[in-house]
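So the structure is just underneath, and the comments pick up after that.
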Amino acid sequence: MSWFTRKEKNIHTPTELKREAPDGLWYKCPECKKVMHTREHKSHAHTCIHCNHHEKIGSEEYFELLFDNNEFTELDTTMTSQDPLGFSDTKSYPDRIAATQKKTGLRDAVRTAHGKVNGMEIVAACMDFSFIGGSMGSVVGEKIARAVDHALRNRIPLLVISRSGGARMMEAGFSLMQMAKTSARLALLDQAGIPFVSLLTDPTTGGVSASYAMLGDFNIAEPGSMIGFAGPRVIRETIGKDLPKDFQSAEFVLDHGFLDFIVDRKDLKNKLFTLFSMLQ
Amino acid sequence: MLLDFEKPIADLEAKLAEMKQQLDVERNEDLRLAVRSFEDNILKLKRETFQNLTRWQRVQLSRHGDRPYTLDYIYSITTQFIELHGDRSVRDDQAMVGGLGTIDGQSVMFIGQQKGRNTKQRQQRNFGMANPEGYRKALRLMKMAEKFGKPVVTFIDTPGAFPGIEAEERGQGEAIARNLREMFMLKVPVICIIIGEGASGGALGIGIGDRVLMLENTWYSVISPESCSSILWRSWDYKEQAAEALKLTAHDMLHFGLIDGIVEEPLGGAHTDPVAMSRIIKNTIISQLTELSAIDPLVRIDQRIEKFSSMGIFQE
């Protein structure tokens, strides 16, 4: 017989009452598992202070990193997807869009803006992976196309930050044609001699990697990003062989000659500024 | 090779052949009438079957083993053809063919994915799945056509760009992306015809044209029904539903304004009458080239860009 007996079985303290530190004060790196202060992580451009792991961030964070004083004019803020095919899988496409919009607070998988980088005007488009895997449908295609037009009209450089699984299946033929549409407008930008930097982040695959993401005058990437046309699972199943280590990593793609350089996110703003200044 | 919906027709046609043979021997008037009404019935059944094909059945037809492939069409519509090889960088990709041909007295640059008919050929042609060097070879030939002022005609028939280690190493994405951009700026007329499968970026990589046409029993979409099924339902068994959901047939694509026209196939599909199919394709190319050649090159480029730029459905 023990000295103390429990009156009730099991633990009854709700989890939230047991926390010692307030939520979000500490950040644990998913790569090296080391812990750092959230503020420190953020001040390092959302990279790990120990192993330099680049966290997957979205347009909000990139715009804050890039634009002076986080000031920018967002373009085409109200554009949203339609459902031209009446597509439905486990959920209808409009329901999926509505649910994702509610969850993420975003309208679709890309945001575009006009602002200043160290005083220099640029147009930037940034994809959000949290919105249906950063997939490209009509809205993404149209917003990228209009961002290109904006750069053309104002004769200012264009930056596109890609993070996408590829085309959006629910828009089938329409999403395929966004590859064509964006490439068409980039052909015009190319002709006009206005610089275009494509920053590929983790991951950039499929239709996005086979259109605008690979059409930069400068194709650059964040370290360790997965970049490729076909997904690794598809390749493995097709060829029936294991894939080499670091296959489709940014370093691998650089090695094979398809990137100009890899940029640490902490240096992104200044490096972009230097690059664009050299072209003026 | 017969598809399940071709089977009943083939059975009746076999029976008809038998009756005809008998007729040759007997010369019986009743039998002659019977043969004629039997023929009418077969035609009726054929029409009924082929007018009401499901989307999946059209996908099946697009992959039919007897269906003419790119080189079949090129050789049957040209009076002379010189095949050109290589991307001038890595090697000659045999999944992508091209060359100069003469059609109706004018020289045209033909380019297209090529499938194989038997095991050895399929391997050689990599099932019509091009590597980056295939897309670069295609671009080289297009630029050559532009240099000499010759129109470009592409035949699209691919289950996709090849997903392989070397393909990634040599920049499959970059190769396709570059083609998209460069094709918009070609100063010569470009006609693209989907003659079989039009799978995603691999098809689009030679698919930017002033006219994009689909043969009646082909498909064109961002993903194959099988892959779509495996993503949505985690199994390849729902390919019929996937084909329905993707709305990938020529009629769907025309309805959405994503292609410019449909090229009718002989009743029963292109494979049942390749000669007639080739003649239809030849006439289509000739008439489209006549129309396109009358347009100023810069206007043509503008129209090409404008057409693809207007594709997309969204709300503001």
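Protein chains get the first letters and strands the later ones, always in sequence-line order, with residue 1 at the start of each. This one's a predicted model, so the numbers in the text were calculated from it and none came from an experiment.
Partners of A/Y62 under the ring-ring contact (aromatic ring centres under 6.0 Å, His included) rule, at least two apart in sequence or in another chain, do not exist in this structure.
Chain A forms more heavy-atom pairs under 4.5 Å with one residue of B/E244, B/Q172, B/M185 than with any other, namely B/M185. The greatest number of non-hydrogen atom pairs below 4.5 Å with chain B, out of A/D89, A/I227, A/T80, is found for A/T80. Per-residue counts of heavy-atom pairs under 4.5 Å with chain A were compared for B/G171, B/G201, B/G207; the largest is that of B/G171. Contact tally against chain B (heavy-atom pairs below 4.5 Å) for A/L186, A/V208, A/L215, A/V139: the top residue is A/L215. Top candidate by heavy-atom pairs under 4.5 Å with chain B, chosen from A/R236, A/Q191, A/E237, A/E171, is A/Q191. When A/L188, A/D255, A/I235 are compared by the number of non-hydrogen pairs under 4.5 Å with chain B, A/I235 comes out ahead. The choice from A/T78, A/L85, A/T238 that makes the most heavy-atom pairs within less than 4.5 Å of chain B is A/L85.
A/R185 touches chain B through its side chain: at least one heavy atom from C-beta onward sits under 4.5 Å away, while N, CA, C and O do not. With a 4.5 angstrom heavy-atom cutoff, A/F258 touches chain B only via side-chain atoms. If you measure heavy-atom distances from B/L204 to chain A, the contacts under 4.5 Å come from the side chain alone. The parts of B/I165 that come within reach of chain A are both its backbone and its side chain, each placing non-hydrogen atoms under 4.5 angstrom from that chain. Both the backbone and the side chain of B/F256 have a heavy atom closer than 4.5 Å to some heavy atom of chain A. The parts of A/A180 that come within reach of chain B are both its backbone and its side chain, each placing non-hydrogen atoms under 4.5 angstrom from that chain. Interface remark: A/Y212 contributes no atoms to any contact with chain B (heavy atom separation under 4.5 Å). Interface remark: A/D76 contributes side-chain atoms only to the contact with chain B (heavy atom separation under 4.5 Å). For a residue to count as touching a neighbouring chain, one of its non-hydrogen atoms must lie under 4.5 Å from one of that chain's; by this rule B/L258 touches chain A with backbone and side chain alike.
Surrounding CZ of A/F63 are more than 12 heavy atoms belonging to other residues, nucleotides or ligands, all under 6.0 Å away.
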Original post:
Should A/V263 and A/L199 be marked as a side-chain contact (heavy atoms from CB on, under 4.5 Å) after you check the CA-CA gap, both sets of side-chain angles, and the distance that decides it?
Top reply: CA-CA 9 Å; A/V263 61; A/L199 171 65; 3.9 Å; yes
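Panel note: side chain B/D260, backbone B/L213; no donor-acceptor pair is recorded below 3.5 Å. Using modelled atom types, one side-chain atom of A/D217 and one backbone atom of A/F196 make a donor-acceptor pair closer than 3.5 Å.
In this structure, B/E182 does not pair ionically with B/R140, as no charged nitrogen and carboxylate oxygen lie closer than 4.0 Å. A salt bridge is defined here as a Lys NZ or Arg NE, NH1 or NH2 lying under 4.0 Å from an Asp or Glu carboxylate O, and B/K137 with B/D93 fails to meet this definition. Of the charged side-chain nitrogens involved, none lies within less than 4.0 Å of a carboxylate oxygen, so that A/R111 and A/D128 do not count as a salt-bridged pair. For the pair B/E226 and B/K239, the salt-bridge criterion is not met [side-chain N within less than 4.0 Å of a carboxylate O].
Taking CG of A/D202 as the reference point, atom OG of A/S164 lies at 12.0 Å (rounded to 0.5 Å).
The closest side-chain donor-acceptor pair between A/D108 and A/S81 falls under 3.5 angstrom. In the model, B/K120 has no side-chain atom that pairs as donor or acceptor with a side-chain atom of B/Q123 under 3.5 Å. Between the side chains of A/T90 and A/R96, at least one donor-acceptor pair of N or O atoms lies under 3.5 Å.
Residues of residues 299-316 of chain B placed with any heavy atom under 4.5 Å of a heavy atom in chain A are listed by number as B/I305, B/F308, B/S309, B/M311, B/G312, B/I313, B/F314, B/Q315, B/E316.
Taking every heavy atom of both residues into account, B/R63 and B/S224 meet most closely at NH2-CB, 4.4 Å.
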